[in-house]
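So you know, we letter chains A, B, ... as the sequences are listed, proteins then strands, and number each from 1.
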There are 2 protein chains.
Amino acid sequence: MAGVSVATVSRALRGLDRVSPETRERVLRVAEDLHYVASPTATSLASGRTRVVAVVAPFLTRWFFAMLVSAIEKSLRAHGHHVILFDLEDDSYDQRLMLSQNMLWKRVDGVITLNVPMVAEEVELVDRLGLPLVAIGSPVPGRACVRIDDAVAMRTAVEHLAGLGHTRIGYIGAVPENVAHIQTPQDRLRAFLDTVRDLGLTCEDSWILGSDWTAQAAALDSTELLSREDRPTAIVAASDEMAIGVLASARRLGLRVPEDLSVTGIDDFVLSGVLGLTTVRQDVAGLGHAAAELLLRALLEDDESTDELVLPTELVVRESTGPAPTG
Amino acid sequence: MAGVSVATVSRALRGLDRVSPETRERVLRVAEDLHYVASPTATSLASGRTRVVAVVAPFLTRWFFAMLVSAIEKSLRAHGHHVILFDLEDDSYDQRLMLSQNMLWKRVDGVITLNVPMVAEEVELVDRLGLPLVAIGSPVPGRACVRIDDAVAMRTAVEHLAGLGHTRIGYIGAVPENVAHIQTPQDRLRAFLDTVRDLGLTCEDSWILGSDWTAQAAALDSTELLSREDRPTAIVAASDEMAIGVLASARRLGLRVPEDLSVTGIDDFVLSGVLGLTTVRQDVAGLGHAAAELLLRALLEDDESTDELVLPTELVVRESTGPAPTG
DNA sequence: CTGAAAGCGCTTACAG
DNA sequence: CTGAAAGCGCTTACAG
């Protein structure tokens, strides 16, 4: 319709040089009139690039993951890329779906993993397919990773409580069976134990609770511990959602927060502010954006990084923590 | 490698008939050995179907949308389809991204919209591209829709409070400017006003609050109203997240719930149980699964429905509501 | 600056 | 039951 060959149309539409201004303008005008948009499926086959990125998450329904996905989608969209989503949550509680070749092969140009510790077969698969990858949270050997320092974050929380005079500090969020494929629980528990020890405090085994990292379970699991006379004076939760569960069970038991019990979390969850929860904030959207930027650099500039990028965390003191009760 | 033509390989791998059992087995074995997976990009170009579905949301970071996306992804995956995600949230608060041809054309086989009221241009676009579409929440003219009955849900909440003797009932969640492109706020507010009128109650204008549908804003916006002597004895929030904000501001003001103030929401948000919030539950995952099933039927069996599917809601009474204070 | 032609890797009638 | 060949709609050297 523009009176030129398909090759010229292709060049004009993609803004390549070596097309005369008049030709380009004519092609653009005709394309507009015809609502012409190049078929991405044909473009992909011919060019070998799909402009699609796989975002892989252990589950989507928790705030942290939804925030990441949203941030990543926006960053990639701004550079003409799309997100195909893989929710690895399986029906069976104790395992997750594995990354497979037909999820990735000729379907995506790159991968972003959200806190998923990849097994050897998966790492090898992504290597074999030659796909750039950026990990958020759990590192993947030999690949770029964006994360916070979980040890520092946990230490910040514990030291805040110790600074308020607490010496009997409990913990909720020990590694549960059903999320054993997630790295974070392990890192945070270890950091908690290390910090407590470094501060010269003791922590009884019975002060360390499991819960499946939900508020509901945290409320349930903490009830027995908080009912005791010799309960801890403070609880560190490994996530804000669990901390909220502890707040709820404390309220049900008639404990005043923070007079009788201090509670802190990690995240700065969307509801933490309104609920007055002291926490260690991480910039979740920032993690997502940083990961997307790293991947885009690998995709667009063929510059694949293998660095670790560690974003800072920040103590946010609200009403849920206060001086340890005296006596 | 299997000693047959590519046509036969194609037929064998896709499980078509008219392939001898021996040939099929040989092809499958060789494919396995070679880690062969057909290129989806070439398959799409040749067959005209991408096996990808666009899931379009006004934003992703709220629980309701993340739940939907997760449910949809799992349903579609079980039938060999993938999800490409479009987060329509824009940097500017007062508008959203529009659906455009290059998001959809030759990229997806169908569309699921999550509570996005489509403008005429968008409806026309999807029509022109010949894509099957299933709407969740906001209906799209001439297309299948899966939703709850917002009017019934809201009526259930209000009648529950009226049944407890409340006559002074406030509302939070009036239509805010920045989410004017979402249908739900309008429907719920209208149903609230209708029900209050039907019950013969009066509701002062000053009892109807805005908030931008977040807990934070709800806490802020409700503080002034709840500080008054002549405050309502109950507040209906149009969502659980806002109800949680109201609970927080009541607690800060020293109001006892439910003795001084009853609060209810709609959703049964993940934290509502642990926080003791009375609410009207909707089956969010059920909405997602139903929508995915409808779309898959259109895709796989060429049977596009235009029905409305209305899922039931259910009153869940917890500790946040009780008899109206006497005197 | 522009075009003809090969090629990306499949699927799908059409023959046999 | 199997194969040869056309076609899906682009991109990309290669000529000119």
If you check the [X] side chain, which of [options] turns out closest?
X        : options               : result
A/Ser20  : D/dT12, D/dT11, C/dT2 : C/dT2
A/Arg11  : C/dT11, C/dC1, D/dA13 : D/dA13
B/Thr23  : C/dT11, D/dC1, D/dC10 : D/dC1
B/Ala46  : C/dG9, D/dC10, C/dG3  : C/dG9
B/Thr8   : D/dG3, C/dT11, D/dC1  : D/dG3
B/Ala42  : D/dT11, C/dC10, D/dC1 : C/dC10
A/Leu45  : D/dA5, C/dT2, D/dG9   : D/dG9
B/Ala38  : C/dC10, C/dA4, D/dA4  : C/dC10
B/Lys106 : D/dG9, C/dT11, D/dC10 : D/dG9
B/Ser10  : D/dT11, C/dG3, C/dT12 : C/dT12

Task: Salt bridge B/Arg143-B/Asp127, side-chain N to carboxylate O under 4.0 Å - done: yes
- [ ] Round to a whole Å and report the spacing from CG of B/Asn102 to C1' of D/dG9.
- [x]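 Going from CG in B/Asn102 over to C1' in D/dG9 covers 17 Å.
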- [ ] Can you tell me the distance, in whole Å, between the OH atom of B/Tyr36 and the P atom of C/dC10?
- [x]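 For the pair B/Tyr36 OH and C/dC10 P, the rounded distance is 3 Å.
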TODO: Without swapping roles, check the side chain of B/Arg297 against the backbone of B/Asp303 for a donor-acceptor pair under 3.5 Å.
DONE: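 Judged by distance alone, no pair lies under 3.5 Å.
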Open item on the list: Can a donor-acceptor pair be found, under 3.5 Å and without considering hydrogens, that links the side chain of B/Thr113 to the backbone of B/Val116?
Closed with: no
Open item on the list: For C/dA4, give the paired nucleotide (Watson-Crick: N1-N3 plus N6-O4 or O6-N4; G-U: N1-O2 and O6-N3; both under 3.5 Å), or none.
Closed with: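 Check on C/dA4: unpaired, no WC or wobble geometry under 3.5 Å.
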